[in-house]
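Note that the structure is a prediction, hence the values are computed from the model and not measured.
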Amino acid sequence: MNENILSTADLTLVGMIENKEVRFPLVEGTHLIGRSDTAALRIPLSSISRQHAEILVSGSQVSVRDLGSHNGTQINGAKVDKSTPLHQGDHLELANISFMTESAEHPLSTIIPKVSISWDEVRSQQSEKKDLQSLLFRVLADAGDLLTISREPEDMFEPILDLVETALLKPERIFILLHEDKSHELLRAASRTHGPQDTGDLALSTTMIQQVLDEKKSFLTSDPLNDPGYGGMMSMISQGIRSAIAVPLFDNEEVIGILYADDSRPNHSFIRDQLAAFTLLANIIAVAFTHARYHVMEQEKIRQDAQMATASEILDNILQPVLPPIEGYDILASLEPCFEVGGDLYDAQQMPDGRYVFLIGDVVGKGLGAALLVSHILSWTRFMIGEEWEPAALITRLNQQIFDCTDYVRFATFFIAYLCPSSGHITYVNAGHNLPIMVRHDGSIEECAPTGMPVGMMDGSTYKTGEITLNPGDMLTLFSDGIPETQRMDDEEYGDDNFKKLLVMERQGSLKEIFEILQGELKDFRGDTEIGDDVTMVTVRRLQNVGIQND
């Protein structure tokens, strides 16, 4: 007796219909298959005819007959034109729906086992088969161009698909799946399809995917029902897939994705030697792809560095290296940048009426965005000072300008002072900035209290003015938060108190020496910690009285 001819009680059709497993026992009788409500095996899909085919079970004989369906019936890839025997292990296709015949006595898992191979096994595997050696040589030779020719990542997909076709003798479907932005979600980066298959769902179970990604295991299967432990192989049946292969895209450091191929042709099953070759190919592909990504990142960094250098040069030209002099006063602006482009700003300008305006500001953030806002602030303030705007009105207008042209996270702390040189009288607005420090000739200290919110933070903010007087020998220091907030390894900050002590102690020295001493003290305080913010200081010292004028 033919071993494929079994008692009908042992034979069952197994397949997937609308993502649900269907098991249809082949019992004695005639069974209609189709879309009709009267069908014994109903398949409610448009690709299936109402009366698509019938199965006749008589004793130990099972046969299939197509009933003139639109999309046809096949057994093991051969079209069914007349009553055709159906045996254990046969593959029955109705349009695009596939079934396998399963027997409890002869389970399919004993026919063709699933093959898995670890990365270490691939590395250590030696084969005496000339076919494998030839395949590996051809794959490695062709893959060499991926490592030697510089390409954008997206330009690598077609050459990769070509290599896979060579290595696996032109499978029907190929997919490149990659992690997106270091996440664990796999996205289809590229695919290629031949034959009747489409680029629908992949026949990969969640368990298999995790083993490929987490354990760097490669898998192939030539039997969709061989291992129910993977729990997802029924999707192969529904797509008519007879053989599938999945390997990790391992770049020698991490798995960046999966390389997958499958085939529905009866005589096109992948073998273990191809699995090993495919795994090595995927390794070369992953290394090349990672190198291409690094090249893109390097080019982007070069581009950003060039932009930063340009922005830094522009800021250097906008920020005055030497402030306009005032008779009877020393004035110095000093800035130690944290990055190529920072958010600190300073300026000074003589008004037509003789008053001297000096200012300091700190834009939230760093980089090109902060630099752009710095340039806008300096342009606006210089124009308004030239038009003799008074401090409160100027800052109110500046606040509205920044608020109207930026988002809610963009604002700046700001301090502006209007000095009458003859009397030393200062009218100022402190818009949320660090309190400027007045060190008197005798070493006592006063501070310039805040008079309003940072500019650009709230719509319609208004500002008050404050007043203070620079007497002969007094020194007023404006500074950014990069000074008191300098941190060392234990996160302790330099603080306002240490800064005040330094200003008091060095108040008789030159302004340039004071800033150099401050830089040294901050460096010693930081130790090995990198500078975390711009260090900016504007210092004005009154040397002697000048002719008294009305303010």
Side-chain angles (χ1 to χ4, degrees), residues 1-109 111 195-201 203 205 223-226 228 231-242 262 264-266:
M1 180 178 177
N2 190 316
E3 65 177 356
N4 281 331
I5 300 176
L6 308 169
S7 64
T8 57
D10 288 334
L11 210 57
T12 302
L13 285 182
V14 183
M16 290 283 289
I17 299 177
E18 294 183 322
N19 295 322
K20 293 182 179 179
E21 182 179 350
V22 173
R23 306 182 71 85
F24 185 76
L26 297 178
V27 297
E28 187 81 15
T30 301
H31 310 284
L32 176 64
I33 305 175
R35 202 171 71 248
S36 171
D37 292 338
T38 61
L41 176 55
R42 184 172 182 270
I43 307 176
L45 300 174
S46 60
S47 60
I48 302 295
S49 299
R50 290 182 59 80
Q51 295 185 348
H52 196 102
E54 67 177 12
I55 297 178
L56 175 62
V57 180
S58 178
S60 61
Q61 303 297 320
V62 181
S63 61
V64 177
R65 183 168 69 93
D66 187 80
L67 299 178
S69 65
H70 290 299
N71 295 316
T73 303
Q74 294 184 337
I75 295 179
N76 299 327
K79 185 177 180 180
V80 173
D81 292 321
K82 58 183 179 179
S83 182
T84 304
L86 183 67
H87 301 131
Q88 190 273 337
D90 283 348
H91 185 191
L92 174 64
E93 295 176 86
L94 306 160
N96 60 341
I97 303 300
S98 301
F99 293 89
M100 295 290 287
T101 53
E102 180 185 36
S103 169
E105 184 178 347
H106 296 82
L108 291 173
S109 59
I111 298 176
Q197 293 278 43
D198 59 25
T199 56
D201 294 335
S205 69
D223 181 349
L225 295 177
N226 71 336
M233 294 300 99
M234 292 309 300
S235 61
M236 291 183 66
I237 295 176
S238 67
Q239 298 177 58
I241 295 169
R242 284 186 170 86
D262 62 30
S264 66
R265 292 170 289 181

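How far CE of Met100 is from OG1 of Thr12: 13.0 Å, rounded to the nearest 0.5 Å. If you take CG on Leu41 and CZ on Arg23, they are separated by 13.0 Å, rounding to the nearest 0.5 Å. To the nearest 0.5 Å, atom OG of residue Ser83 and atom CG of residue Asp66 are 11.5 Å apart. Asp37 CG to Arg42 CZ: the interatomic distance, rounded to the nearest 0.5 Å, is 4.5 Å. Atom CZ of Phe24 is separated from atom CD1 of Ile43 by 10.0 Å, given to the nearest 0.5 angstrom. How far OG of Ser69 is from CZ of Arg50: 14.5 Å, rounded to the nearest 0.5 Å.
Closest of all the heavy-atom pairs between Ile75 and Pro85 is CD1-O, 3.7 Å. Across all non-hydrogen atoms, the minimal contact from Leu45 to Arg35 is O-CD, 3.3 Å. Contact between Ala95 and Ile48 at its shortest, heavy atoms only, is CB-CD1, 3.8 Å. When every heavy atom of His52 is checked against every heavy atom of Leu94, the shortest pair comes out as CD2-CD2, 3.8 Å. Taking all atoms of both residues into account, the shortest heavy-atom contact from Val80 to Arg65 is CG1-CA, 4.4 Å. When all heavy atoms of Thr30 and Glu54 are compared, the pair lying nearest together is CG2-OE1, 3.5 Å.
With Asn76 contributing its side chain and His91 its backbone, the two residues share a donor-acceptor pair below 3.5 Å. When atom types are taken as modelled, the side chain of Thr101 and the backbone of His87 share a donor-acceptor pair closer than 3.5 angstrom. Put simply, the side chain of Asn71 gets close to the backbone of Ser47: a donor and an acceptor are under 3.5 Å apart.
Val57 is not listed as a side-chain neighbour of Val27, based on a closest heavy-atom distance of 4.5 Å or more.
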query: Going through the checks in order, is the side-chain contact (heavy atoms from CB on, under 4.5 Å) test met by Leu11 and Leu86?
result: CA-CA 10 Å; Leu11 210 57; Leu86 183 67; 5.5 Å; no
task: Carefully, step by step, assess Ile33 and Leu67 under the rule side-chain contact (heavy atoms from CB on, under 4.5 Å).
output: CA-CA 9 Å; Ile33 305 175; Leu67 299 178; over 6 Å; no
